[in-house]
Number of protein chains: 2
Amino acid sequence: MRISELSRRSGVPVATIKYYLRENLLPKGEAVSATQAEYTEEHLKRLRLVRALAEVAEVPLSRIRAVLEAVDKPDIDLHTLLGVAQYAFTPPTEAPADDPDWERAQRRTAELLAELEWRVGPGSPARGQLTRAVAAMERLGRPPSAQMLRGYAAAAHQAAEWDMDCIDPGASREENVQQAVTMSALMEQALSALRRLAQEDESARRFGCGADGAGAHGEG
Amino acid sequence: MRISELSRRSGVPVATIKYYLRENLLPKGEAVSATQAEYTEEHLKRLRLVRALAEVAEVPLSRIRAVLEAVDKPDIDLHTLLGVAQYAFTPPTEAPADDPDWERAQRRTAELLAELEWRVGPGSPARGQLTRAVAAMERLGRPPSAQMLRGYAAAAHQAAEWDMDCIDPGASREENVQQAVTMSALMEQALSALRRLAQEDESARRFGCGADGAGAHGEG
DNA sequence: TAACTTGGAGAGTAGTACTATCCAATTGAA
DNA sequence: TTCAATTGGATAGTACTACTCTCCAAGTTA
């Protein structure tokens, strides 16, 4: 397939595909001649994946590139594959110096993970992300209760188990990468949306005036 | 307090505070003279909130402005207050024309919400967000199973209940706004981080080689 | 009174994600 | 065979976001 067909089938403008090629978000097609290259179904799949992550999950292209590069290394086992994808997805957090809120948050998250006995690497960037969120809440004078964190952790673990149910250890590497990345990014969007909808529902139940739930606040 | 003290106490550069004032992210201080204005503790709180949302939750300033403006309207009840904050937070999604994946996703999300009997407005932007995520997964050939969506929905509702437990109907309006906004944005970050950590744990349990969990993939 | 600070305005900057233009080589229809 | 159209590759330009810097006159402090 030529670049124009890739464009037509994916709905992505040719100029954008060229940009993705330059930025190493898409591997180059096989050069047939000096001014012709052949693209495959794999290119189309990868392109669709990049667009889904960029448009729907709002992942910056730099991080998409990091994930794809991390994942393109051959000869790693499934757990490591999922791990590097995860690690590349999560932006690294640098700890501020001499911040009591940060110190407290870090202590709390470490205690939580120890209590839950989760098998997470000591340098997992999601630790930093969690610490940052908790520290920000401390700074605003609204620290989350230990109970709340434990509850959220239980819900998150439940979600993670369903996620892992979708991974087939026997499937191909490319399959598992697609699955894992889709999982991480798109189900996160879905979870975020569901939580917002659930908040609206719960708010209606507790504080709502009418109890019908149909268009309480103006039909956006 | 003068602008320089606001800067010192918040850690935000004076130039940035001036920018936020121009962009209506922070109300103007009370003008004492032509070249002097007085800022209060409320300004400091608001500034810290803006920074937490921008830096930690990565909410674009335009959406922070929308939330703060929506929430600054007086004389609305608690449920509506939480609702407008939520609505302003969620970017509106426009449906693509003639997309079978989108149609299917929309049908599935509508069915899910109906089955769960959640009281959500028909124009709630989180519906669009959910439809978009599901449609993207359909397009990639990896639609989430109905079971998985139901499971995620249950987890999301559980989280929403804990969220609402933190809202005190008797507290001041400004309190509730802060609480609701902090909740929505920062606990979402925390949930995302916890899900990633839980995925790492679950991946280690199922596919891991060593079973110690200490630094399986290279100490980020 | 002289150095410093302040609020306000405007321009400048860095980064992200495209988008448009140009070019020579190549291809496909007349 | 010829000639418009397409292709890949390179470069430049654009729109947007989030600051950051500079300037200035008015006001405050030593």
Side-chain angles (χ1 to χ4, degrees), chain A residues 1-40 43-44 46-68 88-89 91-92 185, chain B residues 1-40 43-44 46-68 88-89 91-92 185:
Chain A
M1 149 186 13
R2 259 68 83 247
I3 201 172
S4 59
E5 192 181 344
L6 194 59
S7 167
R8 194 180 45 73
R9 287 229 271 157
S10 64
V12 179
V14 172
T16 303
I17 296 177
K18 287 182 175 183
Y19 170 67
Y20 288 173
L21 288 166
R22 278 201 300 285
E23 295 291 308
N24 294 318
L25 286 157
L26 200 60
K28 304 212 182 295
E30 204 197 342
V32 171
S33 74
T35 62
Q36 222 82 3
E38 188 68 21
Y39 298 93
T40 64
H43 286 94
L44 184 59
R46 162 89 28 131
L47 181 55
R48 285 208 249 252
L49 180 61
V50 169
R51 288 305 281 206
L53 293 178
E55 286 191 329
V56 180
E58 286 175 16
V59 180
L61 297 186
S62 57
R63 227 172 302 155
I64 296 177
R65 192 197 301 110
V67 171
L68 296 177
F89 249 125
Chain B
M1 127 184 41
R2 255 76 71 244
I3 201 171
S4 59
E5 192 181 345
L6 194 59
S7 167
R8 193 181 46 72
R9 287 230 268 156
S10 63
V12 179
V14 172
T16 304
I17 296 177
K18 287 183 176 183
Y19 169 67
Y20 287 174
L21 289 165
R22 278 202 299 283
E23 294 292 308
N24 293 318
L25 286 158
L26 200 60
K28 306 209 180 297
E30 205 196 343
V32 171
S33 73
T35 63
Q36 222 81 5
E38 188 68 20
Y39 299 92
T40 65
H43 286 94
L44 184 59
R46 163 81 40 124
L47 180 56
R48 284 208 250 250
L49 180 61
V50 169
R51 288 305 283 209
L53 293 178
E55 286 191 328
V56 179
E58 286 174 21
V59 181
L61 296 186
S62 57
R63 227 173 301 158
I64 298 177
R65 193 197 302 109
V67 171
L68 297 176
F89 248 126

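Chain naming here is simple, since letters A, B, ... match the order of the sequence lines and numbering starts at 1 in each. Side chains are part of it too, since the values below use all heavy atoms of this structure and drop only hydrogens, waters and symmetry mates.
- Considering only heavy atoms from C-beta on, Leu47(A) comes within 4.5 Å of Val12(A) through its side chain.
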Test side chain to side chain contact (heavy atoms under 4.5 Å, CB included) applied to Leu44(A) and Tyr39(A), step by step
CA-CA 8 Å; Leu44(A) 184 59; Tyr39(A) 298 93; over 6 Å; no

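- Within residues 13-30 of chain B, the residues approached by DNA chain C to less than 4.0 Å at the level of any non-hydrogen atom are Lys18(B), Arg22(B), in residue-number order.
- A straight line from CD1 of Ile3(A) to C1' of dT26(C) spans 15 Å, rounded to a whole angstrom.
- Taking atom CD on Glu5(B) and atom P on dT28(D), their separation rounds to 17 Å, with Å as the unit.
- Look at CD on Glu58(B): it is 11 Å from P on dA18(D), rounded to the nearest Å.
- Other residues, nucleotides and ligands contribute only 12 or fewer heavy atoms inside 6.0 Å of the CD atom of Glu30(A).
- An OP1 or OP2 oxygen of dT6(C) is reached within less than 4.0 angstrom by a side-chain nitrogen or oxygen of Ser4(B).
- The nearest whole Å value for the distance from the CZ atom in Arg2(A) to the C1' atom in dT26(C) is 12 Å.
- With rounding to whole Å, Arg65(B) atom CZ is found 14 Å from dC19(D) atom C1'.
- Between the side chains of Arg51(B) and Tyr20(B), a donor-acceptor pair is found at a separation under 3.5 Å.
- Residue Tyr39(B) contributes atom OH, which lies 17 Å from atom P of dT5(C) at whole-angstrom precision.
- Note: CZ (Arg8(A)) to C1' (dT7(D)) measures 16 Å, nearest angstrom.
- Mapping Ser62(B) and Glu38(A) onto DNA chain D by nearest heavy atom places Glu38(A) at the nucleotide closer to the 5' end.
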